[in-house]
Amino acid sequence: MATRQTRTLARIMMMPSVLLLLVWMIVPLGMTLWFSFQNYNLLNPANVSWAGLFNYQYFYSDPAFFESIWNTLLLVGGVLMITIFGGIALALLLDQPMFGQGLVRILVISPFFVMPPVAALIWKNMIMHPGYGVLADIFQFFGARPIDWFAQYPLLSIIIIVAWQWLPFATLILLTSLQSLDGEQKEAAEMDGAGLVARFWYLTLPHMARAITVVVLIQTIFLLGVYAEILVTTNGGPGYASTNLPFLIYRTALLGYDVGGASAGGVIAIVLANIVALFIMRAVGKNLDR
Amino acid sequence: MARTASTGQKIAWTVVAWVIALVIFFPILYTIITSFKTEPEAIAGISLIPSGTFQNYIDVETQRDYFRPFMNSVIISLGSTVLALIVAIPAAWSMAFSPTRRTKDILMWMLSTKMMPAVAVLVPIYLLFRDWGLLDSRIGLTLMLTLINLPIVVWMLYTYFREIPGEILEASRMDGASLWNEIVYVLTPMAVPGIASTLLLNIILAWNESFWTIRLTTTNAAPLTAFIASFSSPQGLFWAKLSAASTMAIAPILIMGWFSQRQLVRGLTFGAVK
């Protein structure tokens, strides 16, 4: 019953959201793009000049750049691997009959609600600290030398922390999907003599495919921007060993006062995110339109 | 062949699940325990029984002025959520009830703005905020988080509104309900649960947002995320106090989260998984 009047009204109702997001997208993006072609340092703001592609060359020739991109991919990939495989395993486990299932669920999903600085500081101080941390105590109990996590394995340590935050999310979504699986189908497969592995592979996993896609999509969006966890633990170091692209840009911008360089980095980050997004949106679009 | 597990199996699963759940929950549990220890106790090795002091909570308030970042968090997360809802409800409403050919594209485009890495626009936003005097202000941060979460709010509301059957509106119209009655007695009751879930989830997201809240504030408008991050400097190494501050910072959201598991799944998967 869409008369012209209601259609106009509908457009007007949509206007504020669309306009806000349009401005939010275009203005900062345009500025970033513009700055990326300028020599612009906040320590010398009177001296702004056209730089051409210099900022890009500078960013590109910086060895930290490739290291940070590699670290970004490792971080996203590592956390995705842990949370997807771990999430499937945990979801299968939580789906079994047990006592106190509701409480177990609450315990498992809790880390997701912990704000990143708190999560990172808990792990840094109380779990992974080489002197006083819980892991050090456990290692010593077994007579092993405690590991100085953030000095020896900085990126891995951050992957562990971030995975701890996102594992509950994956588990919760995959469990929800698992519980919507038709019980009769399972029984039918069982009666037909399908074993445990076959049932999982041909019935459960395809059923969860959509949920897995969604988990990958959402997590990738957030994981590409991991920042606070690095800031409060390693601060990107030692060297650039745990610097991801967002952190490198932040360093260039607010610690190096280099607006031009940071903006070039920002443009590169946007291109990278769009490449990833393109793949994901395509996969999700296929999966969601069912 | 009914699938009833034997009691033995059930006990076995229970043990395995509880052990794993407790390992996952341990860092949070240990933080809560440590917050009731004295500072020397906190670094004296594993112990699960604190001396039960409340001193850390008192110290965090008196020495570090905990109340201010807490109120900032409340104001900013609530404010940005309400603002986003005000802007998003009409949009989601019109997309759900009078969709056009482009509705899906607009929704996808909105989602794609979330793909823009925040750090890529850090410089322009920082400079604009500086020039407009919005750095370290609650208003600035509230506006920022409104924009950040707007796409998710629109999406969530859209998936909820879409489930309200349009026939019900027509039926009430046939029964002679005025537009006002239609909105108050028919639509609102059906829309409220969706709006409430969206509100809850968005407060959680805004409360925990840790890029803009840290970068755009220093002291005045710093919410809990920035406050806790300031403990990372070496002189801030007071674990028991850090634990007390952390416990207070995560407790409200943890409890809200426990109650909103279902809505969370729906909301964060844009209705794709229910």
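Here is the naming used below: chain letters follow the sequence lines, and residue numbers restart at 1 for every chain.
Listed options A/Trp24, A/Trp123, A/Phe141 were ranked by heavy-atom pairs under 4.5 angstrom with chain B; first place goes to A/Trp24. Interface remark: of the candidates A/Ala119, A/Gly266, A/Gly225, A/Gly266 forms the most heavy-atom pairs closer than 4.5 Å to chain B. Interface check for chain A: of the options B/Trp18, B/Phe227, B/Trp93, the most heavy-atom pairs under 4.5 Å are formed by B/Trp18. Your options are A/Met25, A/Gln101, A/Met98, and the one with the most heavy-atom pairs under 4.5 Å with chain B is A/Met98. For the set A/Pro246, A/Ala228, A/Pro16, the count of heavy-atom pairs under 4.5 angstrom toward chain B peaks at A/Pro246. Across B/Ile24, B/Ile250, B/Leu122, B/Leu224, the residue that shares the most heavy-atom pairs under 4.5 angstrom with chain A is B/Ile24. Contacts with chain B were tallied for A/Ile173, A/Leu167, A/Ile249; A/Ile173 has the most, counting heavy-atom pairs under 4.5 Å. When B/Ile20, B/Ile11, B/Leu128 are compared by the number of non-hydrogen pairs under 4.5 Å with chain A, B/Leu128 comes out ahead. If you tally non-hydrogen atom pairs under 4.5 Å between each of B/Thr113, B/Thr225, B/Leu22 and chain A, the highest count goes to B/Thr225. The candidate with the highest count of non-hydrogen atom pairs below 4.5 Å against chain B, out of A/Ile12, A/Leu121, A/Val267, A/Leu103, is A/Leu121.
Using a 4.5 Å cut-off between heavy atoms, B/Ile228 contacts chain A through both its backbone and its side chain. In this structure, chain B has a heavy atom under 4.5 Å from the side chain of A/Ile127, while its backbone stays farther away. Within the 4.5 angstrom heavy-atom criterion, only side-chain atoms of A/Phe169, from C-beta onward, approach chain B. Contact of B/Thr146 with chain A is not made at all, since no heavy-atom distance falls under 4.5 Å. When heavy atoms are compared at a cutoff of 4.5 Å, B/Leu254 approaches chain A by way of both its backbone and its side chain. Proximity to chain B is limited to the side chain of A/Gln179, based on heavy atoms less than 4.5 angstrom apart. Residue B/Val87 touches chain A through both its backbone and its side chain, counting heavy-atom pairs closer than 4.5 Å. Of the atoms belonging to A/Val18, heavy atoms from both backbone and side chain fall under 4.5 Å from chain B. Both the backbone and the side chain of B/Ile253 come within contact range of chain A, judged by heavy atoms closer than 4.5 Å. Using a 4.5 Å cut-off between heavy atoms, B/Ala17 contacts chain A through both its backbone and its side chain. Neither the backbone nor the side chain of B/Ile89 has a heavy atom closer than 4.5 Å to any heavy atom of chain A. Residue contact with chain B, scored on non-hydrogen atoms closer than 4.5 Å, is absent for A/Leu224. Only the side chain of A/Ile221 comes within less than 4.5 Å of a heavy atom in chain B; its backbone stays farther off.
One N or O on the side chain of A/Asn244 and one on the backbone of A/Val226 form a donor-acceptor pair closer than 3.5 Å. Panel note: side chain B/Trp258, backbone A/Ile109; no donor-acceptor pair is recorded below 3.5 Å. At least one donor-acceptor pair under 3.5 Å links the side chain of B/Thr14 to the backbone N or O of A/Phe99. Counting only distance, with no hydrogens or angles, the side chain of A/Thr72 and the backbone of A/Leu245 share a donor-acceptor pair below 3.5 Å. Of the possible polar contacts, none joining the A/Asp95 side chain to the A/Leu175 backbone as a donor-acceptor pair under 3.5 Å is found.
Side chains of B/Tyr126 and B/Arg215 form no contact here, defined as non-hydrogen atoms less than 4.5 Å apart. Residues A/Val214 and A/Ser177 are not in side-chain contact: their nearest non-hydrogen atoms beyond the backbone lie 4.5 Å or more apart. Counting only heavy atoms from C-beta outward, the side chains of A/Ile106 and B/Phe25 never approach each other to under 4.5 Å. Contact check for A/Lys124 versus A/Val232: no side-chain heavy atoms found under the 4.5 Å cut-off. Side-chain contact check for A/Met31 versus B/Val121: every heavy-atom pair is 4.5 Å or farther apart.
Note on ring orientation: taking the six-membered ring where Trp is involved, the planes of A/Phe222 and A/Trp166 are tilted (angle from 30° to 60°). The aromatic rings of A/Tyr250 and A/Tyr227 sit perpendicular, their planes meeting at an angle over 60°, well past the 30° parallel limit.
Between B/Trp212 and B/Thr217, the side chains place no donor N or O within less than 3.5 Å of an acceptor N or O (distance only, hydrogens not considered).
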Stepwise side chain to side chain contact (heavy atoms under 4.5 Å, CB included) check, A/Leu174 with A/Leu90: CA-CA 9 Å; A/Leu174 296 175; A/Leu90 269 175; over 6 Å; no
